[in-house]
Amino acid sequence: MNEFRSGFISIIGPPNVGKSTLLNRILGTKIAITSDKPQTTRNRILGIKNLENAQLIFFDTPGIHRPKSLFGKYMVEVALASCKDVDLILLMVEANHSIAEQDRYDLEFLSKLPFPVILLINKVDRVKKENLLPLIDAYSQLFGFSRIVPISALSGDGIDRLMGEVLTLLPKGPQYFPEDMITDQPERFIVSEMIREKVIGNTYQEIPYSVAVSIDEFKEKKDRNLIVIRAIIHVEKASQKGIIIGKKGATLKKIGSDARKKIEDFLGAKVHLECWVNVEKNWSKDRTALKKLGYH
Ligand SMILES: Nc1nc2c(ncn2[C@@H]2O[C@H](COP(=O)(O)OP(=O)(O)OP(=O)(O)O)[C@@H](O)[C@H]2O)c(=O)[nH]1
Ligand SMILES: [Mg+2]
């Protein structure tokens, strides 16, 4: 039983159920951005959990939904493609929702794959315990889950049990990544995501969905322990640019200072952050523009 175990584990489910919150909770570090708005995650985010006798490699993924746009289709494809060549799938749903049409669609997709699936019923902090059993029962009649684990990714409730269950389902295997590595995402990408998180947190309606962030400059001034970062916040229309900048630049200033604090914690250095807003007309509807912004 002491042999080394390892494997790739995809976390999938509808938007906003708490997939990224779970990844951060398991790693004990924030590498995936989160928000109370759906469709926050747009890429496959790899997170590595090293244990004494195991290495667990998680994929956080965009929420699976019925896409209404080219970009939505891209995100769903990223999520579904993350289920290829894994050892285990964690399907996450919410404790305070009943079974939806989308769940049946996801389960049909999963039924065609040869991998074990754990159902995670998240946000149990929001429901009464007695409401949980009927939900577990209903899900277990729909699909042959290897396990069903109620959790709260936010409070940490059930996470130890989940980790135990994951370990028992993983094969014996090698250590794929160095043990001090927690992600393969470049620092620049995580920084751009932290800025996008603060844009999402400070804007409303369609703006969070119309924003992409790229890093134009990332310069380390070693002697001064200072990192100079120039970021571009891309929006789809001129009117959105005005909203992001805000009255006398107040919104952009707030986004910048919120993001800078997070980035300084993450990089462990002082950061000089400059954010510029650029109109990249209808980028989310255009294949070439999507590519240019890193959504391949
Ligand atoms: N009450 C409660 N809220 C939670 C829990 N887990 C996540 N949340 C909240 O749910 C919202 C969505 O969380 P995310 O982690 O961004 O969800 P996601 O599934 O990654 O969403 P997408 O990336 O959009 O697919 C955030 O406001 C979280 O704080 C939980 O266990 N309990
Ligand atoms: Mg997410």
Side-chain angles (χ1 to χ4, degrees), residues 9-47 58-69 71-83 89-97 100 102-103 105-106 109 118-129 131-132 135 148-163 183 185 189-190 192-213 258 262 284 295:
I9 305 147
S10 198
I11 309 170
I12 67 161
N16 211 39
V17 290
K19 301 178 295 298
S20 303
T21 305
L22 174 67
L23 180 73
N24 294 334
R25 160 70 57 183
I26 290 172
L27 299 183
T29 315
K30 179 156 172 150
I31 62 159
I33 64 166
T34 62
S35 88
D36 58 359
K37 299 168 185 118
Q39 292 170 35
T40 299
T41 305
R42 295 173 174 176
N43 308 74
R44 189 189 76 172
I45 312 284
L46 183 147
F58 291 92
F59 295 138
D60 176 25
T61 64
I64 302 175
H65 60 285
R66 282 219 171 164
K68 293 193 198 87
S69 64
F71 192 37
K73 204 166 157 237
Y74 164 84
M75 288 194 275
V76 173
E77 274 169 17
V78 169
L80 300 183
S82 303
C83 296
I89 291 172
L90 307 182
L91 172 66
M92 184 180 275
V93 295
E94 275 191 46
N96 53 350
H97 285 211
Q102 183 66 48
D103 294 330
Y105 177 79
D106 295 348
F109 165 74
I118 297 182
L119 180 72
L120 299 180
I121 303 186
N122 190 33
K123 308 195 185 179
V124 292
D125 54 288
R126 283 201 180 158
V127 295
K128 292 201 183 100
K129 276 228 157 67
N131 294 343
L132 218 50
L135 193 63
I148 296 182
V149 187
I151 60 165
S152 170
L154 203 60
S155 77
D157 203 12
I159 302 301
D160 286 345
R161 184 188 153 206
L162 168 63
M163 294 301 280
T183 184
Q185 247 67 54
F189 171 78
I190 297 183
S192 73
E193 286 285 270
M194 287 176 161
I195 297 166
R196 191 164 65 83
E197 182 182 72
K198 298 309 169 195
V199 177
I200 295 173
N202 283 292
T203 58
Y204 309 92
Q205 289 158 357
E206 96 281 9
I207 305 282
Y209 309 100
S210 299
V211 164
V213 177
D258 286 359
K262 292 283 167 193
S284 74
Y295 302 114

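Read the numbers this way: they start at 1 and go in the same order the structure lists the ligands and their atoms.
In this structure, atom 6 (N) of ligand 1 lies nearest to the protein heavy atom Asn122 ND2, 3.2 Å. Here the protein heavy atom with the shortest distance to atom 11 (C) of ligand 1 is Ser35 O, 3.4 Å. Atom 13 (O) of ligand 1 has Thr21 OG1, 3.5 Å as its closest protein atom, hydrogens excluded (heavy atom only). Protein heavy atom nearest atom 1 (N) of ligand 1, with residue, atom name and distance: Asp125 OD2, 2.8 Å.
Between Thr61 and Ser82, the side chains place no donor N or O within less than 3.5 Å of an acceptor N or O (distance only, hydrogens not considered). For the residue pair Ser35 / Thr40, a side-chain donor-acceptor distance below 3.5 Å is found, with atom types taken as modelled.
For the Mg ion (ligand 2), the set of nearby N, O or S atoms under 2.8 Å includes none belonging to Thr21. Here Ser20 reaches the Mg ion (ligand 2): one of its N/O/S atoms is less than 2.8 Å from the metal.
Between Ala153 and ligand 1, at least one pair of N/O atoms sits closer than 3.5 Å. Among the atoms of Val17, some N or O lies under 3.5 angstrom from an N or O of ligand 1.
Applying the 4.0 Å criterion to heavy atoms of Pro15 picks out, from ligand 1, the atoms 25 (O). Atoms of ligand 1 found under 4.0 Å from any heavy atom of Lys19 (numbered from 1 in listed order, with element): 15 (O), 17 (O), 18 (P), 19 (O), 20 (O), 21 (O), 22 (P), 25 (O). The distance from ligand 1 to the heavy atoms of Pro38 drops below 4.0 Å at these ligand atoms: 24 (O). Ligand-side atoms of ligand 1 in range of Gly63: 25 (O), range being under 4.0 angstrom from any heavy atom. Contact atoms of ligand 1 toward Gln39: 24 (O) (distance under 4.0 Å to a heavy atom of the residue).
Counting only heavy atoms from C-beta outward, the side chains of Lys262 and Lys30 never approach each other to under 4.5 Å. Between Ile200 and Val211 there is no side-chain heavy-atom pair separated by less than 4.5 Å. Side-chain contact check for Leu22 versus Ile159: some heavy-atom pair is nearer than 4.5 Å.
Stacking of Lys19 on the aromatic ring of Phe59 is not recorded, the 6.0 Å distance cut-off and the 45° axial limit not both being met.
Ser20 and Asp60 get closest at one heavy-atom pair: OG-OD2, 2.5 Å. Residues Leu46 and Ile31 come closest through the heavy atom pair O-CD1, 3.5 Å. Across all non-hydrogen atoms, the minimal contact from Pro14 to Asp103 is CG-OD1, 4.1 Å. Considering every non-hydrogen atom in both Glu197 and Thr34, the closest pair reads OE2-N, 2.9 Å.
Considering each of Ser155, Gly13, Gly18, Ala95, the one bringing a non-hydrogen atom nearest atom 17 (O) of ligand 1 is Gly18. Relative to atom 29 (O) of ligand 1, the option among Ile200, Asp157, Leu154 with the closest non-hydrogen atom is Leu154. For atom 8 (N) of ligand 1, the choice among Met75, Lys123, Arg126 with the nearest heavy atom turns out to be Lys123. Taking only non-hydrogen atoms, the option from Val127, Asn16, Asp36, Ile159 nearest to atom 21 (O) of ligand 1 is Asn16.
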Inset, instruction - Apply side-chain contact (heavy atoms from CB on, under 4.5 Å) to Phe58 and Thr183, showing your working. - result: CA-CA 9 Å; Phe58 291 92; Thr183 184; over 6 Å; no
